[in-house]
J.: 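Handing you this structure, nothing more for now.
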2 protein chains.
Amino acid sequence: MFESIDPRSPTPLYEQIAARVRVAVAAGDLAAGDALPSVRALARDLRVNPATVVQAYRDLAADGFVEMRHGQGTFVLEVASYLRDEERASRALELVRELLTEAARLGIGAEELARAFQAETGAEIRE
Amino acid sequence: MFESIDPRSPTPLYEQIAARVRVAVAAGDLAAGDALPSVRALARDLRVNPATVVQAYRDLAADGFVEMRHGQGTFVLEVASYLRDEERASRALELVRELLTEAARLGIGAEELARAFQAETGAEIRE
DNA sequence: CACACTGTTTTAGTTCACCCATACAGTGAC
DNA sequence: GTCACTGTATGGGTGAACTAAAACAGTGTG
């Protein structure tokens with residue numbers, strides 16, 4: 001589930017790990033109540049220090065995504081499940097609208113954004 | 001022109017200074033060909049080290065906003081259209097990256113965003 | 001030339017985010 | 001209790017970003 005962690009990426013390891021968990025939850029690979037890999041197990045798999053995984057988990061806990069239970073494990077919370085399917089699509093639309101608004105303020109049009117989006121994600125965009 | 005610099009702000013001093021110049025240019029307070037305050041003069045006014053002002057000016061020069069002439073001063077450039085395009089493209093990329101980061105926090109991937117973008121702008125996107 | 005301005009370069013100190021290592025503490029099965 | 005797991009807490013090493021200081025170099029005037 002957490003194969004591709006890139007130590008040379010400019011984004012910190014703990015953020016990459018947290019992002020993986022968020023994606024897994026959003027994609028339904030992890031449901032509310034499910035246990036995440038233990039700190040040590042995941043650290044071993046990713047060849048990373050346990051404290052780094054802890055930092056990722058702590059961030060997720062601060063956001064209300066998961067709950068850390070001393071001696072038991074880290075578990076996905078209910079709240080995370082509302083971000084699914086239509087809800088996700090709607091949230092995506094909202095984010096895109098914010099992007100377009102902010103861009104318009106700078107005189108940047110949709111075409112320019114499309115190019116940037118394509119450059120960043122590799123997606124092919126046509127007008 | 002550069003009164004309000006806040007040393008306690010989390011945004012670096014040199015970025016604050018550079019931002020002031022951009023605003024001044026955008027607002028027309030500084031026209032093409034105008035000289036910026038000298039490194040030392042501005043540093044004295046802002047009670048900041050000259051090297052800090054240099055870094056701000058260097059950033060602006062790298063963006064094509066100004067030109068630093070050894071022994072003469074720093075001058076606002078004619079904003080050639082291709083430079084504006086470059087600046088716009090760079091800002092667009094920055095905005096898209098923020099979008100992707102924010103989306104990732106919610107477990108929303110690039111694909112979902114591409115769909116939303118297409119729905120909102122009518123642009124055709126292919127993977 | 002000297003002089004007073006301009007930007008340039010180099011070096012260094014401070015701070016902070018990131019990551020790691022290690023010891024500490026709770027939980028549950030046996 | 002003991003054991004094997006779980007998360008917790010503390011301190012340290014590393015490197016990058018930021019700011020500063022000082023010495024170096026170009027320009028134009030008299």
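Letters A, B, ... are given to chains in the order of the sequence lines, protein chains preceding strands, and every chain is numbered from 1. What you see is a predicted model, and the numbers here were worked out from it, not measured in a lab. Computed from heavy atoms alone, side chains included, the values below leave out hydrogens, waters and symmetry copies.
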J.: Please give, in whole Å, the distance from C:dC20 P to A:Arg47 CZ?
T.: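 A:Arg47 atom CZ is separated from C:dC20 atom P by 13 Å.
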J.: Taking only residues two or more places apart in sequence, or in another chain, which ones meet A:Glu98 in a side chain to side chain contact (heavy atoms under 4.5 Å, CB included)?
T.: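 Expected list: A:Glu94, A:Leu95.
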J.: B:Leu42 has an atom CG; how far is it from atom P of C:dT6, in whole Å?
T.: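 Roughly 11 Å, once rounded to whole Å.
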J.: Any side-chain N or O of A:Ser38 less than 4.0 Å from the OP1 or OP2 oxygen of D:dT6?
T.: yes
J.: Can any side-chain N or O of B:Asn49 pair as donor or acceptor with the backbone N or O of B:Ala51 at less than 3.5 Å?
T.: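 Looks like yes, one N/O pair under 3.5 Å.
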J.: What is the distance from CZ of B:Arg44 to P of C:dA4, rounded to the nearest Å?
T.: 16 Å
J.: Which protein N or O atoms sit under 3.5 Å from an N or O of nucleotides 14-18 of chain D?
T.:
from, atom 1, to, atom 2, distance (Å)
D:dC18, OP2, B:Tyr14, OH, 2.8

J.: Rounded to the nearest 0.5 Å, how far does CZ of B:Arg40 lie from CZ of B:Arg44?
T.: 11.0 Å
J.: Please name the residue in the list B:Leu30, B:Leu36, B:Leu77, B:Asp34 that meets the side chain to side chain contact (heavy atoms under 4.5 Å, CB included) test with B:Val66.
T.: B:Leu36
J.: Within the sub-3.5 Å range, which N or O atoms of nucleotides 21-25 of chain C have a protein N or O partner, and how far apart are they?
T.:
from, atom 1, to, atom 2, distance (Å)
C:dA21, OP2, A:Asn49, ND2, 3.3
C:dA21, N7, A:Asn49, OD1, 3.3
C:dA25, N3, A:His70, NE2, 3.0

J.: Nearest whole Å is fine: how far is D:dG26 P from B:Phe75 CZ?
T.: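 One finds 18 Å between P of D:dG26 and CZ of B:Phe75, rounded.
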J.: If you round to the nearest 0.5 Å, how far is CZ of A:Phe75 from CZ of A:Arg69?
T.: 4.5 Å
J.: If the cut-off is 4.0 Å, is A:Thr52 near the phosphate of C:dC18, judged by side-chain N/O to OP1 or OP2?
T.: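 Result: no.
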J.: Can you give me the closest heavy-atom contact between B:Val39 and B:Pro50, atom names plus distance?
T.: CG1-O, 3.4 Å
J.: For B:Met68 and for A:Pro7, find the nucleotide of DNA chain C with the closest heavy atom, then tell me which residue's nucleotide is more 5'.
T.: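 Closest to the 5' end, via its nearest nucleotide, is B:Met68.
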J.: Heavy atoms under 4.0 Å, any strand shown: does B:Val48 hit a base, just sugar-phosphate, or nothing?
T.: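 Sugar-phosphate, no base atom in range.
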J.: Just by distance, do the side chain of A:Glu120 and the backbone of B:Arg97 share a donor-acceptor pair under 3.5 Å?
T.: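 It does not hold such a pair.
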J.: Ignoring hydrogens, what is the shortest heavy-atom contact between A:Leu60 and A:Ala18? Give both atom names and the distance.
T.: CD2-O, 3.8 Å
J.: Within the structure, does a side-chain N or O atom of B:Thr74 lie under 4.0 Å from either OP1 or OP2 of C:dT6?
T.: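 Indeed not, no polar side-chain atom of B:Thr74 lies that close.
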J.: Return the value, rounded to whole Å, for the distance between atom CZ of B:Arg69 and atom C1' of C:dC5.
T.: 16 Å
J.: Considering non-hydrogen atoms only, spot the tightest contact between A:Gln16 and A:Thr11 and give its length.
T.: NE2-O, 2.9 Å
J.: Rounded off to whole Å, could you give me the CD-to-P distance for the A:Gln72 and C:dG28 pair?
T.: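 It is 5 Å, rounded to the nearest whole Å.
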J.: Can you check the B:Glu67 CD to C:dT6 C1' distance for me, whole Å?
T.: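 It is 14 Å, rounded to the nearest whole Å.
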J.: Calculate the interatomic distance between A:Arg58 atom CZ and D:dA9 atom C1'; express it in whole Å.
T.: 9 Å
